[in-house]
Amino acid sequence: MPDIHTILAHLEADMAPDAGRLFQQLATEYLAGTRTGEGPVSTSLTASQIAERFDEPLPRGQRPLAEVAERVARDVVSDANHLWHPMYVGHQVSAPLPAAVWTDVVTSAINQSLAVWEMSPTLTVLETQVIRWMCDLAGLGPAAGGTFTSGGTEATFTALLAARAAALPDAWEHGVGANPPVVVCGEHAHYAITRAVAELGLGMRAVVVVPSERHGMSVPALRRTLDELAASGRAVMAVVATAGSTATGTFDDLHAIADECDRHGSWLHVDGAHGASALLSGEHRHRLRGVERARSLAW
């Protein structure tokens with residue numbers, strides 16, 4: 001077992017530019033190779049065949065970084081999906097911006113934590129500014145705020161947690177009770193909605209599904225649903241509209257849905273995990289008309 005000074009010497013050697021170039025070359029070759037359009041978009045191997053490559057004891061020794069890079073190229077990159085391939089059709093995951101790939105290196109190197117300001121003095125401020133820009137693009141007003149999450153599922157969970165806090169202010173201490181409020185969504189809403197409702201303790205039966213019209217939530221059906229819930233005395237925690245459904249890319253009529261929510265005083269959450277970035281497009285931002293009336297937005 002090498003002593004601590006030897007280990008530190010190896011770690012410091014890995015900081016050298018030559019070490020970084022090993023992995024930069026992997027990335028550039030991957031991007032260039034996939035962009036040519038040669039070869040398949042994805043691997044023809046099965047999961048079991050790929051797993052055989054890594055069926056080995058836990059590595060306990062050390063290897064030169066060049067060997068590590070060589071194995072990453074051979075066993076990992078070789079059968080990764082080729083997102084920049086001209087024949088790739090996006091399965092939720094888009095091809096990354098090359099500039100963002102290089103920025104990832106800097107992000108990993110400085111390794112800041114956004115938990116509290118003193119652990120990330122610049123990036124905490126930067127997060128706040130980027131959220132401000134996003135709120136402005138969505139027309140949410142100067143009082144709006146937000147946070148980065150790991151993805152659309154966590155974003156929707158966070159938003160519905162806020163809706164629960166508004167509908168049941170004492171739920172954190174006393175729970176949601178025997179007759180919790182419901183969450184209303186369209187039949188093409190993402191499964192993250194049902195998952196979040198279950199995780200929030202409301203139970204999956206607290207999801208009320210509204211039928212579709214042209215693959216989007218039917219506004220007349222939503223009106224009837226909210227009226228029936230109100231007549232039965234069942235509280236509504238939130239109505240979830242979808243801005244870019246997973247299956248069809250359909251955008252719900254946010255203005256019309258907001259009208260119905262206003263009529264009943266219901267929290268409107270917009271799941272824009274797939275489509276909210278249309279706000280960045282002069283050609284397509286009209287699809288988000290009405291998003292400024294939402295109480296929460298997953299982007």
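The first residue of the sequence shown is numbered 1, and numbering continues consecutively from there. As the structure is a prediction and not an experimental result, all values here were calculated from the model.
Salt-bridge annotation for Asp259 and Arg263: absent, with no side-chain N of the basic residue lying under 4.0 Å from a carboxylate O of the acidic one. Classification of Arg224 and Asp227 as a salt-bridged pair fails, no side-chain N sitting under 4.0 Å from a carboxylate O.
Judged by distance alone, with hydrogens and angles left aside, the side-chain atoms of Asp252 form a donor-acceptor pair with the main-chain N or O of Met217 at under 3.5 Å. At distances below 3.5 Å, not a single donor-acceptor pair connects side-chain atoms of Ser108 with backbone N or O atoms of Val105. Looking only at distances, a side-chain donor or acceptor of Thr36 sits under 3.5 Å from a matching main-chain atom of Gly33. Under the 3.5 Å distance criterion, the side-chain polar atoms of Thr128 are matched with a main-chain donor or acceptor of Thr124. With hydrogens and angles disregarded, a donor-acceptor distance shorter than 3.5 Å links the side chain of Gln112 to the backbone of Ile110. Under a 3.5 Å cut-off, the side chain of Asp3 and the backbone N or O of His5 do form a donor-acceptor pair. The closest donor-acceptor contact from the side chain of Thr28 to the backbone of Gln25 lies under 3.5 Å. Side chain of Glu187 to main chain of Pro211: no donor-acceptor pair is present (N/O by atom type, distance under 3.5 Å, no hydrogens or angles).
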Going by atom type alone, with no hydrogens or angles, which donor-acceptor pairs under 3.5 Å involve a side-chain atom of residues 139-162 and a protein atom two or more places apart or on another chain?
unit_1	atom_1	unit_2	atom_2	d
Thr149	OG1	Gly151	N	3.4
Thr149	OG1	Gly151	O	3.0
Ser150	OG	Glu154	OE1	2.6
Glu154	OE1	Ser150	N	3.1
Thr156	OG1	Gly152	O	3.4
Thr158	OG1	Glu154	O	2.8

Return all side-chain donor-acceptor pairs below 3.5 angstrom for residues 163-186, not counting sequence neighbours, or 'none' if the list is empty.
unit_1	atom_1	unit_2	atom_2	d
Arg164	NH1	Leu200	O	2.9
Asn179	OD1	Arg234	NE	3.3

Going by atom type alone, with no hydrogens or angles, which donor-acceptor pairs under 3.5 Å involve a side-chain atom of residues 282-289 and a protein atom two or more places apart or on another chain?
unit_1	atom_1	unit_2	atom_2	d
His284	ND1	Arg287	NE	3.2
His284	ND1	Arg287	NH2	3.4
Arg285	NH1	Leu279	O	2.6
Arg285	NH2	Leu137	O	3.3
His286	ND1	Glu283	O	3.2

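Scanning for side-chain hydrogen bond (donor to acceptor under 3.5 Å, both in side chains) contacts around Thr248 gives Ser245, Thr250, with sequence neighbours left out. Every residue meeting the side-chain hydrogen bond (donor to acceptor under 3.5 Å, both in side chains) condition with Gln49, not counting sequence neighbours, appears here in chain and number order: Thr46. Take Leu97 and apply the side chain to side chain contact (heavy atoms under 4.5 Å, CB included) test, not counting sequence neighbours, and it matches Ala100.
Hydrophobic clustering keeps Leu11 apart from Val68 (ILVMFWY residues linked when any side-chain heavy atoms are closer than 4.5 Å, directly or through intermediates).
To the nearest 0.5 Å, atom CH2 of residue Trp299 and atom OG of residue Ser277 are 5.5 Å apart. Here NE2 of His255 is found 5.0 Å from CD of Glu292. Values are rounded to the nearest 0.5 Å. Considering NE2 of His85 and CD of Glu38, their distance stands at 8.5 Å, rounded to 0.5 Å.
By the neighbour-count criterion of 12 heavy atoms within 6.0 Å, atom CZ of Phe54 is densely surrounded, having more than that number from other residues, nucleotides or ligands.
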